[in-house]
Colleague: 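One structure, as structure tokens, below. Some questions next.
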Amino acid sequence: MKIAVVGTGYVGLVTGTCLSEIGHTVTCIDIDQTKVEKMRAGQSPIYEPGLEEIMTKNINENRLFFSTQHEDGFDNADVIYIAVGTPEKEDGSANLSFVEQVAKDIATNVKKDTIVVTKSTVPVGTNHWIKKIIIDNLLNNVKVEVVSNPEFLREGSAIYDSFNGDRIVVGADNEEAANVIEEINKPFGIPVFKTDIRSAEMIKYAANAFLATKISFINEISNICEKLGANVEDVAYGMGQDNRIGTQFLNAGIGYGGSCFPKDTKALVQIAGNVEYDFDLLKGVIRVNQKQQEMLINKLDERFDSLKDKKVAVLGLAFKPNTDDMREAASIVIIKHLIDKGATVTAYDPVAMGNAKRVLDSKVNYESNIIDAIKDSDVVLILTEWNEIKELDLQTFVEHMKLPVIFDGRNCYDPRIVEKYQVEYHSMGRPTVNNKQLANIH
């Protein structure tokens, strides 16, 4: 089919590229001319493993196009995907101004019967609102149906998820429109679940809220484990063997971040509030996550009499590995605390340093490799569990730090292995490893 995708952020670009990979002709639309030129050359504006290779292939095979002009994409399009951002407002609700503008652009440009598919994460009821905007502003006598098709891609694994997802959710009031979207996605070979529009919108929020709840739950268990001398990883593994619980999203650490969980949990609390329901459980999940980012800071403050003039190496800046996304990253809060306490901060991340420089304090120093980052440091903080960091020989810390004191916010190393090295190692929800030779370091 001929498909237009409006918005080339994370969702739009991955969606458009993968739809072209399964045989559709796709035009991705963005108002940023410079960005469009780069994408036409096969350069992705986001870091996502495997994305540029698929972009280049389908550009060369004339299935994937990029444009700043709506008419280029909408002309004869069978389906138009809305994939623009829905950023968080101050009250936690979703800002739908970009969605509204796309709906108006569709209304003034479509010249044939069209199905509009909403990929953006939007509050329940938004798709009906989108349809009303389009109908009220139509310039031509055409029929438009609106379908909710929320995305469930994980940043860093989005290409894999596109072809190996658990389900594709299609919400529609019109059965024929739902069948068209099911047919479009058929080559992915992923089960399609069809429901009404409002239920599809709710599924996205409910899924993210539940996963965020699992993360906050295991972090609370982690904090109790530390006080009781238990090992949260063993606890999580034992819990996860119960098929009703499962092992995923039970990794203790310094909380969730990124573009989805923080925004969507707050939005769902707001959605519930709009119908006079107090979502107290989810409010607790949000509070726990905010508090969890401070746990590593508290450990650090307890360990050192003062951080003033201490050289602190921060390994990992992105909110999770395999992405350059700094949105709601724990590193932002933690590094601000370090700077405020007078520490000298040197940071390293394999891909996120460019984005980090736009959001972190200008006093932060950056190094292009781990060894230069940790050299002569007083303490190392691990904030993102990149494989490069997880696979690092622990002797590297011994050889290059002033004294090897490590605070691991992502539990990258097995304490039983750490015990073989002359390091002081603090992690989340697990006993501290503190060899006697280092017991009196201050």
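Predicted model only: the values in this text are computed from it and were never measured.
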Colleague: Residues in side-chain contact (heavy atoms from CB on, under 4.5 Å) with Thr346, at least two apart?
Modeller: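 Partners of Thr346 by the side-chain contact (heavy atoms from CB on, under 4.5 Å) criterion, ordered by chain and then number, come out as Lys311, Asn365, Glu367, Ala373.
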Colleague: For Thr384 and Ala318, indicate whether the former's side chain and the latter's backbone hold a donor-acceptor pair under 3.5 Å.
Modeller: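 Yes.
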Colleague: Are there more than 12 heavy atoms of other residues, nucleotides or ligands under 6.0 Å from atom NZ of Lys341?
Modeller: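 No, the 6.0 Å shell around NZ holds no more than 12 heavy atoms from other groups.
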Colleague: Please lay out, stage by stage, how Leu13 and Met55 fare under the test side-chain contact (heavy atoms from CB on, under 4.5 Å).
Modeller: CA-CA 9 Å; Leu13 184 55; Met55 285 175 63; 4.2 Å; yes
Colleague: Report the residues that fulfil salt bridge (Lys or Arg N to Asp or Glu O under 4.0 Å) with Lys104, sequence neighbours left out, ordered by chain and then residue number.
Modeller: Glu100
Colleague: Between Arg327 and Glu88, is the closest basic N to carboxylate O distance under 4.0 Å?
Modeller: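 Salt bridge: no.
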Colleague: If you define the side chain from C-beta out and look only at heavy atoms, does anything of Val364 sit under 4.5 Å from Val314?
Modeller: no
Colleague: Report yes if some heavy atom in the side chain of Phe279 is under 4.5 Å from a heavy atom in the side chain of Leu268; otherwise report no.
Modeller: yes
Colleague: Within the supplied structure, the quantity of interest is the number of heavy atoms (other residues, nucleotides, ligands) at a distance under 6.0 Å from Gln248 CD; does it exceed 12?
Modeller: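 For Gln248, atom CD is not crowded (no more than 12 foreign heavy atoms under 6.0 Å).
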Colleague: Are the charged groups of Lys263 and Glu328 less than 4.0 angstrom apart, N to O?
Modeller: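 Here Lys263 does not pair with Glu328 in a salt bridge, since their nearest N and O are not under 4.0 Å apart.
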Colleague: Where the side chain of Ser162 meets the backbone of Ala158, is there a donor-acceptor pair that is under 3.5 Å apart?
Modeller: yes
Colleague: What heavy-atom pair brings Asp72 and Ser67 nearest, and what distance separates the two atoms?
Modeller: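 So the minimum-distance heavy-atom pair works out to OD2-OG, 2.7 Å.
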Colleague: Report the distance from atom CG of Asp325 to atom CD1 of Ile46, rounding to the nearest 0.5 Å.
Modeller: 9.0 Å
Colleague: Ignoring hydrogens and angles, tell me if any N or O in the side chain of Ser148 forms a donor-acceptor pair with the backbone of Gly171 under 3.5 Å.
Modeller: no
Colleague: Could you name each residue pair satisfying ring-ring contact (aromatic ring centres under 6.0 Å, His included) that touches residues 203-258, not counting sequence neighbours?
Modeller: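 ring-ring contact (aromatic ring centres under 6.0 Å, His included) check on residues 203-258 returns Tyr256-Phe261.
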Colleague: Between Thr118 and Thr126, does a side-chain contact (heavy atoms from CB on, under 4.5 Å) hold up when you go through it step by step?
Modeller: CA-CA 9 Å; Thr118 306; Thr126 301; 5.8 Å; no
Colleague: Using modelled atom types and a 3.5 Å cut-off, is there a donor and acceptor pairing between side-chain atoms of Gln292 and backbone atoms of Ile254?
Modeller: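 A pair under 3.5 Å: no.
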Colleague: Kindly indicate whether the side chain of Glu21, heavy atoms from C-beta on, has any atom under 4.5 Å from the side chain of Thr17.
Modeller: no
Colleague: Please report the shortest heavy-atom distance between Pro150 and Val169, naming the atom on each side.
Modeller: CD-O, 3.7 Å
Colleague: Considering residues at least two apart in sequence or located in another chain, which fulfil the side-chain contact (heavy atoms from CB on, under 4.5 Å) criterion with Lys119?
Modeller: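 Per chain and number, Lys119 pairs via side-chain contact (heavy atoms from CB on, under 4.5 Å) with Val11, Thr15, Tyr81, Ala83, Asn149, Glu151.
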Colleague: Which residues pass the side chain to side chain donor-acceptor pair (under 3.5 Å) test with Arg410, sequence neighbours left out?
Modeller: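 Counting only residues at least two positions away or on another chain, Arg410 forms no side chain to side chain donor-acceptor pair (under 3.5 Å).
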Colleague: According to ring-ring contact (aromatic ring centres under 6.0 Å, His included), who are the partners of Phe407, at least two apart in sequence or on a separate chain?
Modeller: His426
Colleague: Any heavy-atom pair between the side chains of Leu211 and Ile215 that's under 4.5 Å?
Modeller: no
Colleague: Please give me the minimum heavy-atom distance between Cys18 and Ile159, naming the atom from each residue.
Modeller: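 Of all heavy-atom pairs spanning Cys18 and Ile159, the closest is SG-CD1, 4.0 Å.
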Colleague: Starting from the C-alpha separation in whole Å, work towards a yes-or-no answer on side-chain contact (heavy atoms from CB on, under 4.5 Å) for Val398 and Gln395.
Modeller: CA-CA 5 Å; Val398 178; Gln395 187 62 26; 3.6 Å; yes
Colleague: If you define the side chain from C-beta out and look only at heavy atoms, does anything of Thr86 sit under 4.5 Å from Leu96?
Modeller: yes
Colleague: Taking ring-ring contact (aromatic ring centres under 6.0 Å, His included) as the definition, give me every residue that meets it alongside Phe163, ordered by chain and number, with sequence neighbours left out.
Modeller: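 Phe163: ring-ring contact (aromatic ring centres under 6.0 Å, His included) contacts with Phe188.
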Colleague: Answer with yes or no whether the side chains of Tyr425 and Arg430 bring together a donor and an acceptor at under 3.5 Å.
Modeller: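 Yes, Tyr425 and Arg430 have a side-chain donor paired with an acceptor closer than 3.5 Å.
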Colleague: Let me confirm one number: the CG-OH distance from Asp324 to Tyr47, rounded to the nearest 0.5 Å.
Modeller: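 The OH atom of Tyr47 is 8.5 Å from CG of Asp324, to the nearest 0.5 Å.
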Colleague: Between Asp105 and His70, is any side-chain donor less than 3.5 angstrom from a side-chain acceptor?
Modeller: yes
Colleague: Considering only heavy atoms from C-beta outward, does the side chain of Val122 approach that of Trp129 to under 4.5 Å?
Modeller: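 SC-SC contact between Val122 and Trp129 ruled out.
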Colleague: Test of understanding: with ring-ring contact (aromatic ring centres under 6.0 Å, His included), list the residues that count as partners of His24, not counting sequence neighbours.
Modeller: none
Colleague: What are the two closest non-hydrogen atoms of Pro415 and Val433, and how far apart are they?
Modeller: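 That would be O-CG2, 3.9 Å.
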Colleague: Could you check whether any side-chain N or O of Thr323 sits under 3.5 Å from a backbone N or O of Lys320, counting only pairs where one atom can act as donor and the other as acceptor?
Modeller: no
Colleague: In the structure I gave you, are the side-chain heavy atoms of Ser259 and Glu155 within less than 4.5 Å of one another anywhere?
Modeller: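 Yes, close enough: below the 4.5 Å cut-off.
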Colleague: Can you name the nearest heavy-atom pair linking Ile22 to Ile184, along with the distance?
Modeller: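 For Ile22 and Ile184, the tightest heavy-atom pair comes out as CD1-O, 3.5 Å.
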Colleague: Taking side chain to side chain donor-acceptor pair (under 3.5 Å) as the test, write out the residues that go with Asp91, two or more places apart.
Modeller: Ser93
Colleague: Quick check for you: to the nearest 0.5 Å, what is the distance between Ser157 atom OG and Asn164 atom CG?
Modeller: 10.5 Å
Colleague: Going by atom types only, do Asn411 and Glu385 share a side-chain donor-acceptor pair under 3.5 Å?
Modeller: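 No pair is found: no donor N or O on one side chain lies under 3.5 Å from an acceptor on the other.
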Colleague: Could you give the distance from OH (Tyr160) to CZ (Arg154), rounded to the nearest 0.5 Å?
Modeller: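 Between atom OH of Tyr160 and atom CZ of Arg154 there are 7.5 Å.
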Colleague: Can you tell me how far apart CE (Met428) and CD1 (Ile382) are? Round to the nearest 0.5 Å.
Modeller: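 These two atoms lie 12.5 Å from each other.
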Colleague: Do Ser331 and Met326 touch side chain to side chain, with heavy atoms closer than 4.5 Å?
Modeller: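 Side-chain contact under 4.5 Å: yes.
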Colleague: For the atom pair CD1 (Ile389) and CG (Leu392), what is the distance rounded to the nearest 0.5 Å?
Modeller: 8.0 Å
Colleague: Keeping the roles fixed (side chain from Asn219, backbone from Gly253), state whether a donor-acceptor pair exists under 3.5 Å.
Modeller: yes
Colleague: Quick one: side-chain contact (heavy atoms from CB on, under 4.5 Å) partners of Ala313, sequence neighbours excluded?
Modeller: Ile374, Ser377, Val380
Colleague: Kindly say whether Val285 contributes a backbone atom to a donor-acceptor pair with the side chain of Asn289 at under 3.5 angstrom?
Modeller: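 No, Asn289 side chain to Val285 backbone: no donor-acceptor pair under 3.5 Å.
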Colleague: Which heavy atom in Glu201 sits nearest to a heavy atom in Gly125, and how many Å separate them?
Modeller: OE1-N, 2.6 Å
Colleague: Is a donor on one side and an acceptor on the other found under 3.5 Å between the side chain of Asn58 and the backbone of Leu64?
Modeller: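 Checking the backbone N and O of Leu64 against the side chain of Asn58, no donor-acceptor pair under 3.5 Å is found.
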Colleague: Here's one to test your reading of the geometry: is the NZ or CZ of Lys357 within 45 degrees of the ring axis of Tyr366 and under 6.0 Å from its centre?
Modeller: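 Yes, a cation-pi geometry.
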Colleague: For Asn127 and Lys131: C-alpha separation, side-chain torsions, deciding distance, then whether side-chain contact (heavy atoms from CB on, under 4.5 Å) applies.
Modeller: CA-CA 6 Å; Asn127 279 274; Lys131 185 172 183 179; over 6 Å; no
Colleague: Taking only residues two or more places apart in sequence or in another chain, which ones pass side-chain contact (heavy atoms from CB on, under 4.5 Å) with Lys363?
Modeller: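 So Lys363 forms a side-chain contact (heavy atoms from CB on, under 4.5 Å) with Ile339, Asp361.
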Colleague: Determine, stepwise, if the pair Glu37 / Arg40 fulfils salt bridge (charged side-chain N to carboxylate O under 4.0 Å, His left out).
Modeller: CA-CA 5 Å; Glu37 291 296 337; Arg40 284 174 177 166; 3.1 Å; yes
Colleague: List the residues meeting ring-ring contact (aromatic ring centres under 6.0 Å, His included) with Phe319, not counting sequence neighbours, and say none if there are none.
Modeller: none
